[in-house]
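Presented below is the structure to which this report refers.
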There are 2 protein chains.
Amino acid sequence: MGVSERKAREKEELWNLILEGAMKLFAEKGVANVTIRNIADAVEYSVGTVYVYFKDKNAILHALHTKGFLELRDRFLVLLNVENPMERLKAAGKVYIQFAQEQPDMYDLMFNTQAPMDFVKEGDGDVWNEGKATFGFLRTMIQDCQAVGHFEGHDPEALSFLIWSIVHGMCSLRISCRTDVVNLAQPTTQGYAEFLRMLDKF
Amino acid sequence: MGVSERKAREKEELWNLILEGAMKLFAEKGVANVTIRNIADAVEYSVGTVYVYFKDKNAILHALHTKGFLELRDRFLVLLNVENPMERLKAAGKVYIQFAQEQPDMYDLMFNTQAPMDFVKEGDGDVWNEGKATFGFLRTMIQDCQAVGHFEGHDPEALSFLIWSIVHGMCSLRISCRTDVVNLAQPTTQGYAEFLRMLDKF
DNA sequence: ATTAAAAATGAACAATGTTCATTTTTTTTA
DNA sequence: TAAAAAAAATGAACATTGTTCATTTTTAAT
């Protein structure tokens, strides 16, 4: 019988509908200003229904953060065209920073907000898959660089974390308005350019 | 007459009392879990009184964040003993990271949370003095390094921002639990060690 | 057409930041 | 010293939030 299958499909559709409604509001008003009631209104369902499909607000924020990682992964696809590992690494940083600049709220949700991590820790797997895959991608790039002679004597794990920290630090400080005290017109762009200049020695 | 003076003193004393109560709760339960009612209870005054002394919660959080910067500045004092500019810079990073590790909530309030910045922007001066002074301190260190031949050809402003971003990025990722996907026992310590190894080339 | 299961509902709850008319305390004045 | 004025403290009340759950509505099975 195809009934249960159709039901499953409908269930998934509403799940997506709610999530997309949340996504839209979230882009409009910022994550901090979106309430469960807002989301319910937007999709024309009751508050209770939202809670049928999502355990709590953390679950919604985690699902949203996952969508963010999907888009970031898409953006990273252009890197496959970059043959030279070092150039690929440099380009990856640019893509990362650009994403953070264009979608600051989403970036904040992905890399700063506690909610998605709380959801992960409440769950079964207990592991942050999105972060794991993304960091793994960076680690591979670093190893590719080392394979052609760069970063000699450096530990790839620590170096990956260091480089992640550099771009994250700049994006994070920018988003939280801490760069107001830095006398640069475009802090992240100019800061990253400075980093690229450093990389020339490796 | 000494009445108004005594009044002013009493006013400041209660202001401090409230703030220290907030500070204590804040250290106990974390910034996210402290309410105005908690603070009022802790100092044995009413909720309304707290609002007589502080415009809103942002004002309290800003005052707390300022206390954090005072402590960070104190910790930086040991750097005055380090003659060599490059060694001073390296030591400064260590102090910064250590502070973030020992007081993650305070660090988060100082460098991530929106509230203190909102307070600054609502105010007159409109400038984040704490950040300005701290960043200025870093800039001076970089310039001292350049004066003895380091970082040749690098822009001090951009370089300062880059280095700030490095240590902030590591601390920030650590505090927001994003380092769970990094295979390092002590991400910040090992990541910073990797950075120090990089600095050898400059 | 009845019954059972599933899905959707929205009123209700506790907790939060915030306000403000009222009360209490202190200071000044007569 | 007693009354009036000013300052300080109060806490009840409001709007919003995330969340729950008994009830109603819709759908499926008999």
Side-chain angles (χ1 to χ4, degrees), chain A residues 1-19 21-22 25-26 28-65 109 113-119 122, chain B residues 1-19 21-22 25-26 28-65 109 113-119 122:
Chain A
M1 58 183 72
V3 174
S4 62
E5 287 154 11
R6 197 204 65 218
K7 284 258 178 169
R9 206 182 332 124
E10 284 176 353
K11 196 152 186 173
E12 200 187 318
E13 275 169 15
L14 186 44
W15 190 89
N16 277 316
L17 186 69
I18 291 171
L19 199 60
L25 285 174
F26 171 67
E28 283 172 13
K29 317 166 45 171
V31 66
N33 303 322
V34 175
T35 73
I36 305 284
R37 282 174 182 80
N38 283 342
I39 297 169
D41 284 354
V43 295
E44 296 183 308
Y45 276 86
S46 72
V47 175
T49 303
V50 174
Y51 276 90
V52 170
Y53 289 81
F54 291 92
K55 189 179 143 287
D56 53 20
K57 200 178 186 183
N58 282 354
I60 299 177
L61 292 179
H62 178 268
L64 281 171
H65 122 291
L109 183 63
T113 311
Q114 202 61 245
M117 305 312 281
D118 287 348
F119 179 83
E122 285 165 12
Chain B
M1 56 183 68
V3 173
S4 61
E5 286 153 12
R6 197 203 66 218
K7 285 257 177 172
R9 207 182 330 125
E10 284 176 352
K11 197 152 188 174
E12 199 187 320
E13 274 168 16
L14 186 44
W15 190 90
N16 278 316
L17 186 68
I18 292 171
L19 198 61
L25 286 174
F26 172 66
E28 282 172 13
K29 317 168 42 171
V31 66
N33 303 320
V34 175
T35 71
I36 306 283
R37 282 174 182 80
N38 282 343
I39 297 169
D41 283 354
V43 296
E44 295 182 307
Y45 275 87
S46 72
V47 174
T49 302
V50 174
Y51 275 89
V52 170
Y53 288 82
F54 292 91
K55 187 181 146 286
D56 53 19
K57 201 178 185 183
N58 283 354
I60 299 177
L61 292 178
H62 179 268
L64 281 170
H65 123 291
L109 182 65
T113 310
Q114 202 62 246
M117 305 312 280
D118 287 346
F119 178 83
E122 286 164 13

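In what follows, chains are A, B, ... by sequence order, proteins preceding strands, each numbered from 1. Computed from a predicted model, the values in this text were never measured in an experiment.
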- Item | Length of the line joining B:Ile18:CD1 and D:dA8:P, which is rounded to integer Å | 13 Å
- Message: Tell me the interatomic distance from B:Ile36, atom CD1, to C:dT18, atom P, rounded to whole angstroms.
- Response: 6 Å
- Using whole Å, report how far CG of A:Asn33 lies from P of D:dA15. 20 Å
- Item | side-chain contact (heavy atoms from CB on, under 4.5 Å) partners for B:Asn58, two or more places apart | B:Asp56, B:Ala115, B:Asp118, B:Phe119, B:Glu122
- Message: Restricting to non-hydrogen atoms, name the atom on B:Val43 and the atom on B:Leu17 that form the minimum distance, rounded to 0.1 Å.
- Response: CG1-O, 3.4 Å
- Under 4.0 Å between a side-chain N or O of B:Tyr53 and OP1 or OP2 of D:dA8? no
- Item | Nearest to side-chain heavy atoms of B:Val52, which nucleotide of C:dA8, D:dG18, D:dT10 | D:dT10
- Query: With side chains defined as the heavy atoms from C-beta onward, is the minimum distance between A:Ile60 and A:Ile36 less than 4.5 Å?
  - Reply: yes
Taking distance alone, no hydrogens or angles, what donor-acceptor pairs closer than 3.5 Å link side-chain atoms of residues 47-54 of chain A to residues at least two apart or in another chain?
{"unit_1": "A:Thr49", "atom_1": "OG1", "unit_2": "A:Ser46", "atom_2": "OG", "d": "3.1"}

- What integer distance in Å separates B:Glu122:CD from C:dT18:P? 10 Å
- Task: Specify the angle, to 10°, made by the local axes at the two ends of the helix from C:dA1-D:dT30 to C:dA30-D:dT1 when five pairs are taken at each end.
- Result: 20°
- Message: Using a strict heavy-atom distance below 4.0 Å, which residues from residues 37-50 of chain B are in contact with DNA chain D?
- Response: B:Arg37, B:Tyr45, B:Ser46, B:Gly48, B:Thr49
- Spacing of B:Tyr51 atom OH relative to D:dA8 atom C1', expressed in whole Å: 18 Å
- Could you check if a side-chain atom of B:Leu64 sits within less than 4.5 angstrom of a side-chain atom of B:Leu109, using non-hydrogen atoms only? yes
- All side-chain contact (heavy atoms from CB on, under 4.5 Å) counterparts of A:Asn16, not counting sequence neighbours: A:Glu12, A:Glu20
- Can you name the residues that form a side chain to side chain donor-acceptor pair (under 3.5 Å) with B:His65, not counting sequence neighbours? B:Trp128
- Message: Filter on salt bridge (charged side-chain N to carboxylate O under 4.0 Å, His left out), then keep only pairs touching residues 28-42 of chain A, sequence neighbours left out; what's left?
- Response: none
- Given atom CG of B:Leu14 and atom C1' of D:dA9, what is their separation to the nearest angstrom? 10 Å
- Starting from C1' on D:dG18, measure out to NZ on A:Lys55 and report it in whole angstrom. 12 Å
- Item | Between C:dA7 (C1') and A:Trp15 (CH2): distance, integer Å | 19 Å
- How far apart are the closest heavy atoms of B:Val31 and B:Leu61, and which atoms are they? CG2-CD2, 3.7 Å
